[in-house]
Amino acid sequence: MTETTGKSGQSVSGEAISRPHKYSWKYIGPGIVVAATGVGAGDLVATLIAGSNFGYTLLWAAVIGCVVKISLAEAAGRWHLSTGRTLFDGWASLGRWTTYFFVVYVVVWGFVYGAAAMSSSALPLQALFPDVFPADWSIKPWAVICGLVGLVFVWFNKYEVFEKVMTVLVGVMFVVTVYLAIRVTPNLGHAFAGLLPVLPDEKDAVLNTLGLIGGVGGTITLAAYGYWVNAKGWTNTGWMKVMRLDNRVAYATTGIFVIAMLFVGAELLHSANVAIASGDQGLIQLGDILEAEYGTATVKFFLIGFFATSFTSLIGVWHGVSLMFADFVERYRSRDRATGEEVASGAREKSWPFRAYLLWLTFPPIVLLFQGQPFRLVILYGVLGAAFLPFLALTLIWLLNSSRTPGEWRNGLLSNAMLAIAGLLFLVLCVKQIWDQPWSEFF
């Protein structure tokens, strides 16, 4: 639990408000967790490809992506602290349709994401230790090991330990990405020019640019941020300034990761006119290019960073989304308001719904690793994943402009503008994702 001064003011419910002794960097934590979880291998590859295709032209889009996500995470954290209620409790107050959406989302999304996260974490391990398992086994043994290690780690540890491990892995990610950015010797003049909002001269430039903005770090992890804020012990408005500082640190960190990888794409791939595949395999290809250019030591260092990036996303989802699912079940069973204090107590992390969802994220996806992913399920996964961020943005606007939120902490003009921009951006991307699905093959 974080150190506080004790009683200084009253919350909406009349309870004493605890505050930090001073607004110090030492309190930073949930932001590091959300940054590490939100930036996965896929985000880094998307940024690499943007740098490979357009050089520094879309640097401004990556920066805007971070700013947009700051507004979403801040709004989620503000709801938890200003009301003392959890985000799912807020959603439930908007009607049963939110419950139906959430249930379908976490069941389908978790099933497919679990397999993807395990595979992503396994790829760098297979490249680092190619002779541990027979070549014809592919990455499956490593994927199973990563899933089981994530399960055991989250099952037996509370938030405090989880945060410390995430912080160490973020440190590894930071060192590796910044080292690579420096190693490729970025052209800072061109990089600064890339901060000007210019669209590439190509077909679908607007949609591709929106995709880069929308893909910078985080999906459901943005909603999980409020739960991590509570798990840290921040449960009322006395922690609002600390939460906002923490959130800005989160997306400054995300911005550094993304900008560093865009530098690598622009200098190492764009200048040599080298293309890489989308998805996690793109990072394996980048490793081959780094080895040819800079030697074995650099590629091993890079693969360690690749593993840290993938594994933080795995254990972050294992913890954060399980915490959200536990909150949903407890709220549904009791019909009472779900409070941040209950999350802060740590009881949710030992509850059967938390552990049941942990098992759901681990064992059914292991079956998918060996059997292949059902085609229709993958389509539903894509659609639901695309729909979640518009759902989050629009429901936060609803909640934070209503009487459900104390007047002092409701949205101002800037917050409403940022959330509206985020909602519109993600709605456009959602429509595009739905449109692009092979529906003729679905039926």
Report task. Could you walk me through whether T83 and W409 pass side chain to side chain donor-acceptor pair (under 3.5 Å), step by step? Result -> CA-CA 9 Å; T83 65; W409 302 109; over 6 Å; no
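- T37 places no side-chain N or O within 3.5 Å of a backbone atom of V34 that could act as its donor or acceptor partner.
- With hydrogens and angles disregarded, no donor-acceptor distance shorter than 3.5 Å links the side chain of W79 to the backbone of L400.
- Nearest heavy atom pair, residue S82 against residue P406, reads O-CG, 3.3 Å.
- Of the inter-residue distances, the one linking L419 atom CG with L392 atom CG reads 8.5 Å to the nearest 0.5 angstrom.
- When all heavy atoms are compared, the tightest approach of L368 to F111 is CD1-O, 3.6 Å.
- The shortest non-hydrogen separation linking A386 to C430 is O-CB, 3.5 Å.
- S313 places none of its side-chain heavy atoms less than 4.5 Å from the side chain of V39.
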Query raised in the report: Does the pair R410 and S403 meet the rule for a side chain to side chain contact (heavy atoms under 4.5 Å, CB included), with working shown?
Result: CA-CA 9 Å; R410 290 178 197 164; S403 59; 4.1 Å; yes
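- Of all non-hydrogen atoms in I284 and F306, the two that sit nearest each other are CD1-CE2, 3.9 Å.
- In this pair, W91 and F391 present their aromatic rings tilted. The plane angle is within the 30 to 60° band.
- Counting heavy atoms from C-beta on, the side chains of L48 and L268 never come closer than 4.5 Å.
- The only option from T405, T237, N411 that meets the side chain to side chain donor-acceptor pair (under 3.5 Å) definition with R78 turns out to be N411.
- Inspection of the D246 and Y225 side chains reveals an N or O donor paired with an N or O acceptor under 3.5 Å.
- A distance of 7.0 Å separates OG1 of T362 from CG of L148, quoted to the nearest 0.5 Å.
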Query raised in the report: Hey, mind stepping through M324 and F102 against side chain to side chain contact (heavy atoms under 4.5 Å, CB included) and telling me if it holds?
Result: CA-CA 10 Å; M324 292 181 70; F102 180 77; 4.0 Å; yes
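- Separation of atoms CE (M418) and CG (L396) is listed at 13.0 Å; rounding is to 0.5 Å.
- A distance of 11.5 Å separates CG of L262 from CD1 of I49, quoted to the nearest 0.5 Å.
- When all heavy atoms of A122 and C146 are compared, the pair lying nearest together is N-SG, 4.2 Å.
- Using modelled atom types, one side-chain atom of Y56 and one backbone atom of N187 make a donor-acceptor pair closer than 3.5 Å.
- Crowding of F153 atom CZ: a count of heavy atoms from other residues, nucleotides or ligands under 6.0 Å exceeding 12.
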Requested in this report: Please lay out, stage by stage, how F328 and V106 fare under the test side chain to side chain contact (heavy atoms under 4.5 Å, CB included).
Outcome: CA-CA 11 Å; F328 153 70; V106 294; 5.9 Å; no
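- For the residue pair T235 / N230, no side-chain donor-acceptor distance below 3.5 Å is found, with atom types taken as modelled.
- A tilted orientation is assigned to the rings of Y159 and H319, their planes being inclined by 30° to 60°.
- The six-membered or imidazole ring of H80 lies near that of Y227, with a centre-to-centre distance under 6.0 Å.
- In this structure, W60 contributes its side chain and V198 its backbone to a donor-acceptor pair below 3.5 Å.
- D436 has a carboxylate O that lies under 4.0 Å from a charged side-chain N of K432, or vice versa, which qualifies the two as a salt bridge.
- The closest donor-acceptor contact from the side chain of D327 to the backbone of L323 lies at 3.5 Å or more, if one exists at all.
- The two residues F162 and G316 make their nearest non-hydrogen contact at CZ-CA, 3.9 Å.
- Between the side chains of S93 and R404, at least one donor-acceptor pair of N or O atoms lies under 3.5 Å.
- No more than 12 heavy atoms of other residues, nucleotides or ligands lie within 6.0 Å of CG in L413, so this atom counts as exposed by the packing criterion.
- With contacts defined as side-chain heavy-atom distances shorter than 4.5 Å, the pair P124/I304 does not qualify.
- With respect to E330 and R348, no salt bridge is recorded, no charged nitrogen being found less than 4.0 Å from a carboxylate O.
- The side-chain heavy atoms of K158 and K350, taken from C-beta on, include a pair separated by under 4.5 Å.
- Checking E74 against Y251 by side-chain atom types alone, no donor-acceptor pair falls below 3.5 Å.
- Annotation: side chain of T339 is not in contact with side chain of T86 (no heavy-atom distance under 4.5 Å).
- A heavy-atom distance below 4.5 Å is found between the side chains of F426 and L72.
- Here L394 contributes atom CG and L94 contributes atom CG; the two are 11.0 Å apart, rounded to the nearest 0.5 Å.
- Separation of the W239 and Y27 ring centroids falls under the 6.0 Å cut-off.
- Taking the side chain as every heavy atom from C-beta outward, V321 and W109 approach each other to under 4.5 Å.
- Counted by atom type alone, S310 and S120 present one or more donor-acceptor pairs between their side chains at under 3.5 Å.
- Using a 4.5 Å cut-off on side-chain heavy atoms (C-beta onward), P200 and T209 make contact.
- At distances below 3.5 Å, not a single donor-acceptor pair connects side-chain atoms of S121 with backbone N or O atoms of M118.
- A distance of 13.5 Å separates CH2 in W228 from NZ in K232, rounded to the nearest 0.5 Å.
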Report task. Evaluate side chain to side chain contact (heavy atoms under 4.5 Å, CB included) for F363 paired with I366, printing each intermediate quantity in order. Result -> CA-CA 5 Å; F363 289 105; I366 287 176; 4.2 Å; yes
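- Atom CZ of R248 is surrounded by 12 or fewer heavy atoms from other residues, nucleotides or ligands within 6.0 Å.
- When ring centroids are compared, F354 and F325 stay outside the 6.0 Å threshold.
- Residue F257 is tested with V178, V176, V170, T309 for a side chain to side chain contact (heavy atoms under 4.5 Å, CB included); the sole match is V170.
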